Amino acid sequence: MEILGIDIGGSGIKGAPVETQTGDFTRDRMRVETPEPAKPGPVAKSVAEIVHHFDWDGPVGVTFPGVVIDGVTRTAANLTDKWVGLQARDLLAEECGVPVTLLNDADAAGVAEMTYGAGRGREGTVLVVTLGTGVGSALFTDGRLMPNTELGHIEIRGKDGEKRASAFAREKHEWSWEKWAGKLDEYLRRVEDLVWPSLIIVGGGVSRHAEHFLPHLKEVRAEVVAAELHNAAGIVGAAMAAAPRTRTG
Ligand code: BGC
């Protein structure tokens with residue numbers, strides 16, 4: 001079934017129609033800049049721009065970089081506080097004129113990776129972490145998602161974990177791959193102490209450059225692999241969440 005998936009990120013909002021049986025885009029992806037400040041009204045308009053670009057009138061899956069419970073956005077670490085406590089799903093559905101399914105971005109990316117990427121067929125506890133503007137997490141046990149785990153925000157050395165482990169932090173501080181890998185290593189080890197996954201899948205755009213940092217991870221005990229869907233994972237997972245009978249937790 002073809003569903004439009006849209007991924008709201010800290011710097012860009014990206015969307016493409018996805019064949020949910022295969023995880024493939026059926027048309028070229030469209031990207032618009034995330035409005036600044038990223039308030040609900042302007043962001044909803046950008047999402048609608050993508051819906052109209054594809055002339056879409058069916059269901060749409062949308063990801064959000066924060067906790068989402070029953071369509072209500074509960075946190076928004078890298079957008080604005082205006083999202084906190086908002087029934088964002090209904091706002092988006094109204095602005096776009098189509099039914100919207102809304103879920104956390106890392107959860108969406110995780111579902112896509114578990115179905116079409118590096119987590120295919122993996123049982124036991126699998127953790128997907130997405131490294132971008134923030135750090136997202138999606139935790140699976142025997143393929144089933146526990147949503148909104150928010151492990152990007154565990155405290156490391158008195159700081160929010162994502163301030164050290166995100167791809168954005170590496171760019172902002174101009175850390176070398178090796179230096180950043182050391183921080184990522186410490187972060188993953190701490191998360192591992194909490195949930196003991198047998199596999200950690202590292203996602204986000206930076207997973208395209210996995211050869212620069214995965215070899216420097218020395219402390220993590222679990223198997224660590226790069227995601228296979230990279231930046232497409234959020235869009236694919238969003239579409240899967242909006243497809244009838246897809247299990248997203
Ligand atoms: C948010 C998460 C999100 C992650 C990646 C974090 O700051 O709290 O909900 O999944 O960034 O965007």
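Whatever order the structure lists ligands and atoms in, that order sets their numbers, starting from 1. Both backbone and side-chain heavy atoms feed into the values below; hydrogens, waters and symmetry mates do not. Numbers for residues simply follow the sequence, beginning at 1. Since we're looking at a predicted model, the values are computed, not measured.
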Q. Would a 4.5 Å heavy-atom cut-off, applied to side chains only, mark L127 and L151 as touching?
A. yes

**Q.** 4.5 Å side-chain heavy-atom contact, R29 and R31
**A.** yes

Q) Which distance, rounded to the nearest 0.5 Å, do you find between the OH of Y187 and the CG of L217? A) 12.5 Å

Q) Can a donor-acceptor pair be found between the side chains of S11 and T34 at a distance below 3.5 Å? A) no

Are there any N/O pairs under 3.5 Å between ligand 1 and the protein, and if so, what are their distances?
unit_1   : atom_1 : unit_2 : atom_2 : d
ligand 1 : 7 (O)  : N78    : ND2    : 3.3
ligand 1 : 7 (O)  : H153   : NE2    : 3.3
ligand 1 : 7 (O)  : E162   : OE1    : 2.7
ligand 1 : 7 (O)  : E162   : OE2    : 3.3
ligand 1 : 8 (O)  : E150   : OE1    : 2.6
ligand 1 : 8 (O)  : H153   : NE2    : 2.6
ligand 1 : 9 (O)  : G66    : N      : 3.2
ligand 1 : 9 (O)  : N104   : ND2    : 2.9
ligand 1 : 9 (O)  : E150   : OE1    : 3.4
ligand 1 : 9 (O)  : E150   : OE2    : 2.5
ligand 1 : 10 (O) : N104   : ND2    : 3.3
ligand 1 : 10 (O) : D105   : OD1    : 2.5
ligand 1 : 12 (O) : D105   : OD2    : 2.6

Q. Quick one: does Y116's side chain have a donor or acceptor within less than 3.5 Å of a partner on E228's backbone?
A. no

Q. Are the side chain of W180 and the backbone N or O of F213 linked by a donor-acceptor pair below 3.5 Å?
A. no

